[in-house]
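Data first, discussion second: the structure below is written as C-alpha cells.
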Amino acid sequence: MTKDSSVSDWTLTQWEFRGLEAPFNLADGHAQHALQAQEADFIRSLGDILVNSDPVTLSRHEQRFLDSFFALTGQSPPRQRPILHYSSSISIDVVAKSLVASGVRRVGVICPSFDNIPLLLQRAGLATIPLREPDIWLDPGYQKSAMAGCDAAFLVVPNNPTGFLPEPAAFLSLCEAAAAGHTAAVFDFSFRLLSSLHQWDQYRAARCIGGLSFACIEDTGKVYPLKEIKIGMVSASDDLAPLIREISEEIALGVSPFALRAITGLLELDLLRAGSSGHRAPTCAQSVQHNRDYLRAAIRDLPFSLAAPGSQISVEWLRLQTGGGGTDLCRYLVRRGVAILPGRPFCWDRIDEDSFVRVALAREPEYFATGVDLLAQLMEA
C-alpha cells in the first residue's frame with residue numbers, strides 16, 4: 001500500500017484494501033450482508049464435505065451449479081461447457097490472455113468501468129480504447145464506428161458503477177455491429193442478479209448472430225456473502241471456448257467442491273423462493289433497495305446529486321456538486337472511519353475527472369445506516 005500522499009495514484013482495489021480497515025466499509029461491491037436463517041442453516045450443514053471424503057464427482061458438482069445458475073438467471077446454457085474460476089477477475093484475466101493468443105491487439109472498454117478491467121487487459125498486452133456510455137448502446141452510428149475501430153469490445157452489463165442496462169434491441173444491435181466488424185464481444189454480467197436481465201436471454205441472443213465471437217463472464221460474489229467464496233464463470237462461442245479452457249487449465253484444476261456446493265445451495269434456495277413468488281431477485285435485493293433509499297434521503301441536503309438515478313445494482317454512483325474533489329473527500333472520510341470509492345479510477349479515460357464517488361449498498365441495513373449517518377455528519381462538519 002502506498003502512502004496517503006499519493007492516493008491519487010491508487011487503484012480501486014487499493015482503496016478497497018484501505019476500506020477493509022475502516023469501521024464502516026462502504027467501499028468494495030462484494031456482498032457483506034448477513035445470511036438469512038435458512039441460508040445460514042444450509043451453510044452450517046456443509047462441514048461434512050470438508051471433514052469426510054466426498055463421493056460426488058467434481059463434474060456432478062459443476063453440473064448442479066450450472067443447472068441452478070442458468071435456471072435462476074433465465075439463460076439458455078451455451079453449447080460449449082462453461083469454464084469455472086475462483087473469481088470473475090480470474091475470468092477477465094483468462095479471457096484477456098485468450099484474446100491476445102487469438103490475435104486481438106486493440107480492445108474497446110466501456111467507460112466508466114472498474115479500473116481492474118482495463119488494467120488486466122493492458123497487462124495482457126492489449127491496447128485499450130474507451131467506449132463511451134451510453135453512446136455505445138444508444139447511438140447506432142457510434143456503435144458501428146466503435147466496433148470497426150477495435151478487434152474486441154469489453155462491455156459490463158449492467159455497468160459498474162452506473163448500473164446502466166441496455167434494452168434487448170440495443171444489445172442485439174451491438175452484437176450485429178461486432179459481427180459485421182469482425183470484433184469479438186466480451187460481456188461481463190457480474191451484477192446481473194440485481195437487474196431485470198432474467199427477463200430475456202442474452203446467451204441465445206448472442207448465439208443467434210451469425211459469425212459473432214463472444215464470451216460471457218459471470219460472478220456470484222456480488223450477491224452471496226460467503227467471505228470471498230465465490231465463482232467466476234466464462235461461457236464462449238465455439239471459436240473462443242477451446243482456447244479459454246486451455247489457458248484456464250494452466251491456472252487451476254477446477255473450482256473447490258465446497259465452494260460449488262455452498263453457492264449451489266444458495267442458488268437453489270433462491271430458485272425455491274422464485275417458484276413460490278415468481279420473483280427471481282436474490283434475497284439481498286430488498287436490503288440493497290432499502291439501503292439505497294436510506295442513502296438518498298441522507299444526502300438530500302448534502303452537495304451530492306444522483307449520477308445514476310435508475311440504477312438497480314448494489315452500488316450508488318454519486319456526483320459531487322462542487323465539480324471535483326472526490327479523491328480528497330474519500331481520503332478525508334476513510335481517515336475518520338467511513339470508506340467509499342473515488343470516481344476518478346472508474347473514469348480511466350479521463351484522469352482529470354474527479355467529481356464522482358461510489359457507495360456500496362450490499363451491507364446489513366443497521367450497519368449501513370450508521371455508516372451513512374457518520375458520512376453525513378462528517379460532510380456537514
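Index from 1, following the sequence.
- Here D219 does not pair with K230 in a salt bridge; the nearest charged N to carboxylate O distance is not below 4.0 Å.
- For S91, the side-chain hydrogen bond (donor to acceptor under 3.5 Å, both in side chains) criterion is met by H85, not counting sequence neighbours.
- Side-chain contact check for R245 and Q80: no donor-acceptor pair (N or O, by modelled atom type) lies under 3.5 Å.
- Screening residues 164-186 for side chain to side chain donor-acceptor pair (under 3.5 Å) gives Q143-S173 as the qualifying pairs, with residues at least two apart or on separate chains.
- The distance from atom CG of D188 to atom CG of N160, rounded to the nearest 0.5 Å, is 8.5 Å.
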* Could you walk me through whether N116 and T11 pass the side chain to side chain contact (heavy atoms under 4.5 Å, CB included) test, one step at a time? => CA-CA 8 Å; N116 79 324; T11 66; over 6 Å; no
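- D201 and S76 form a side-chain donor-acceptor contact under 3.5 Å, judged by distance and modelled atom types alone.
- Residue pairs meeting the ring-ring contact (aromatic ring centres under 6.0 Å, His included) criterion with at least one member in residues 290-312, sequence neighbours excluded, do not occur.
- At distances below 3.5 Å, at least one donor-acceptor pair connects side-chain atoms of S113 with backbone N or O atoms of I110.
- At a threshold of 4.0 Å, the pair D151-R105 does not count as salt-bridged, since none of the basic side-chain nitrogens sits closer than that to a carboxylate oxygen.
- No side-chain donor-acceptor contact under 3.5 Å links S87 and S89.
- Atom CG of L253 sits in a sparse spot, with 12 or fewer heavy atoms from other residues, nucleotides or ligands closer than 6.0 Å.
- Under the side-chain hydrogen bond (donor to acceptor under 3.5 Å, both in side chains) criterion, T264 pairs with no residue, sequence neighbours left out.
- Here the rule is ring pair (Phe, Tyr, Trp, His ring centres under 6.0 Å) with Y203, and of F171, F69, F70 only F70 fits it.
- Side-chain atoms of R81 and Q63 include a donor-acceptor pair closer than 3.5 Å.
- Salt bridge annotation for D67-R64: absent, with no cationic side-chain nitrogen under 4.0 angstrom from a carboxylate oxygen.
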* Asked: Would D293 and R296 count as a salt bridge (charged side-chain N to carboxylate O under 4.0 Å, His left out) if you check the C-alpha gap in whole Å, the side-chain angles of each, and the deciding distance to 0.1 Å?
  -> CA-CA 5 Å; D293 293 341; R296 291 184 176 185; 5.8 Å; no
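- Between R273 and D270, at least one side-chain N (NZ, or NE/NH1/NH2) sits under 4.0 Å from a carboxylate O, which counts as a salt bridge.
- Residues that satisfy the side chain to side chain contact (heavy atoms under 4.5 Å, CB included) test with T322, not counting sequence neighbours, are L320.
- Between the side chains of Q122 and T128, at least one donor N or O lies within less than 3.5 Å of an accepting N or O.
- Evaluation of the ring-ring contact (aromatic ring centres under 6.0 Å, His included) rule for F346 yields F114, W317 as partners, not counting sequence neighbours.
- Ionic pairing of E62 and R60 is not present here: no N-O contact between side-chain nitrogen and carboxylate oxygen is shorter than 4.0 angstrom.
- Counted within 6.0 Å of CD on E366, heavy atoms from surrounding residues, nucleotides or ligands total 12 or fewer; the atom is thus considered open.
- A salt bridge links D28 to R363: at least one charged side-chain nitrogen sits closer than 4.0 Å to a carboxylate oxygen.
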